[in-house]
Number of protein chains: 2
Amino acid sequence: MKLEVQIKMNASLYLRDPEQSELGKNIIKFSIELIHKQGFEAFTFKKLAEAIGTTEAGVYRYFENKHKLLVYIISWYWGWLEFQIGYQTKNVTNPVSKLKKVITILATTVEDDIMTGHVDESILHQILISEGSKAYLTKQVNQDNKQEYFKPYKDLCNTVGDIILECNAKYKYPHSLASTIVEVAHLQNFFMHNLPSLTDFSKSKNENQIIVFLNDLVFSSIEK
Amino acid sequence: MKLEVQIKMNASLYLRDPEQSELGKNIIKFSIELIHKQGFEAFTFKKLAEAIGTTEAGVYRYFENKHKLLVYIISWYWGWLEFQIGYQTKNVTNPVSKLKKVITILATTVEDDIMTGHVDESILHQILISEGSKAYLTKQVNQDNKQEYFKPYKDLCNTVGDIILECNAKYKYPHSLASTIVEVAHLQNFFMHNLPSLTDFSKSKNENQIIVFLNDLVFSSIEK
DNA sequence: TATTTATGATAGTAATACTATTATTTAAAA
DNA sequence: TTTTAAATAATAGTATTACTATCATAAATA
């Protein structure tokens, strides 16, 4: 028996559960590929259908529109990251080490996880960096939020916030610092590769520098 | 004579300079209104033309596409912010006070500046929060960057970076910290209003709290 | 007054974002 | 094993978007 990590998804994101069929899994697999290659704006259900070898209508049976598909994919990754954090910090008792580990996970391009067959996590990480904020930077953010579309993201930030409080129970902004860590990890990565003068890592383009920067930023604040 | 602040814009953003005609000024004015009301995704040149009382073709004579128009609007605001920072910190000699002032400017909804006739800065601030990152989170970011579309943004970050170094010449990440301040100021504002559990300001929804958070974050790091 | 230039009005095209219909295949239930 | 239901493929069609092109007219300039 092959071990599989199953991320439980919000059922109102899809019309038919993509995990339950070959076509569904292909929709996820190829949309990740296409969004990564062409960017979310240029991504269409028609192109996706062609890539899979099905028809547009076929895709529409699974997802109402490309926005929900994006939210699905991104939610999946937040869920997977949450699992990674839980798994990789399981035996870490020192909260400072734990938080450092979390920052490393958030800021590092992961290797493809063999436990999730049809998904390439390293590409998902790239998508999160470039397209992640488009999931919530919309006019429907409040409706989407009511439908719990951002729960995996909020859960993850909450987990990070709790670890921050473990480091310093008196720190006043655990939630804001948590969301800042997550977002800045991605933003600095994007800037490093695309608008390098907005970072101090333009020469090396090394992700580890983002980790060092974030560690400095975070622990200066909470250990003050 | 009425005093007017003129922000010099990158000419390759437009086909015809919108500052030079009534129609052009209306394109800017109404696109700000429409993007704010409907969001960038739902914003079209047809709707814009209808709002102005001109035709689609009329708008296309000024801007190639809505992406360039968005970049134009956002660049204008970065330019205006840079001017504000220069103006409001002119006589501030203490770099710490200067940086605090800058953080306040970045994190606060400005009042409509009477010096810029057809532009409402408080709405622009909202657009920056919700749509700002869409200007660079695209597949064409490298081309756009080569055309200097992001120069006003980079200049502003540079200014902030310089002030950081004035505070502490030995601080290692002035560029990254500068872009972090700018982005986090907007992100925390968006979260506070739309995904409040990602912040610690959900009760008050008061922008001043973002300032306090950022001051704490920034000065812990650079005064360490 | 002649001429350039900006605008308005209208038309048209390819692509996008869907919905609907019917036939066919596949899988589950009887 | 047959019946039946469910999923998919194939095709068509619509409204909207993102443009381009053409021509007439009004306003500004030479």
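A, B, ... follow the sequence lines: proteins, then strands. Residue 1 opens every chain.
- Considering only heavy atoms from C-beta on, A:S133 comes within 4.5 Å of B:L137 through its side chain.
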Name the atoms and distances for all side-chain donor-acceptor pairs under 3.5 Å in residues 183-192 of chain A, with sequence neighbours left out.
unit_1, atom_1, unit_2, atom_2, d
A:E183, OE1, A:Y136, OH, 3.3
A:E183, OE2, A:Y136, OH, 2.9
A:E183, OE2, A:Y153, OH, 2.4
A:H186, ND1, A:V182, O, 3.3
A:Q188, OE1, B:S176, OG, 2.7
A:Q188, NE2, B:S176, O, 3.4
A:Q188, NE2, B:S179, OG, 3.0
A:Q188, NE2, B:T180, OG1, 3.4
A:N189, OD1, A:H193, ND1, 3.1
A:N189, ND2, A:E207, OE2, 3.2

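- Scored by the salt bridge (Lys or Arg N to Asp or Glu O under 4.0 Å) test, B:K25 finds no partners at all (sequence neighbours excluded).
- Residues from residues 12-39 of chain A lying near DNA chain C, meaning a heavy-atom separation below 4.0 Å, are absent.
- When the side-chain contact (heavy atoms from CB on, under 4.5 Å) test is applied to B:H67, the partners found at least two apart in sequence or on another chain are B:N65, B:V71, B:T138, B:Q140, B:D144.
- With sequence neighbours left out, the salt bridge (Lys or Arg N to Asp or Glu O under 4.0 Å) criterion links B:E64 to B:K68.
- A:E131 pairs by the salt bridge (Lys or Arg N to Asp or Glu O under 4.0 Å) definition with A:K134, not counting sequence neighbours.
- Among the heavy atoms of the strands, none lies under 4.0 Å from B:F63.
- Chain B approaches DNA chain C over the interval C:dA6 to C:dT10, counting the first and last nucleotide 5' to 3' with an atom under 4.0 Å from its heavy atoms.
- Residues passing the side-chain contact (heavy atoms from CB on, under 4.5 Å) test with B:K151 are B:E148, B:D155, sequence neighbours excluded.
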Whether each nucleotide of nucleotides 13-30 of chain D has a protein heavy atom under 4.0 Å at its base (B), only at its sugar-phosphate (S) or at neither (-) is summarised, 5' to 3', as ----SBBBB---------
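- The salt bridge (Lys or Arg N to Asp or Glu O under 4.0 Å) check on A:D17 picks up nothing, with sequence neighbours excluded.
- Residues satisfying the side-chain contact (heavy atoms from CB on, under 4.5 Å) test with B:P18, not counting sequence neighbours, are B:Y14, B:I28, B:Y62, B:F63, B:Y72.
- A search for side-chain contact (heavy atoms from CB on, under 4.5 Å) contacts involving B:T54 returns B:L23, B:A49, B:I52, B:V59, not counting sequence neighbours.
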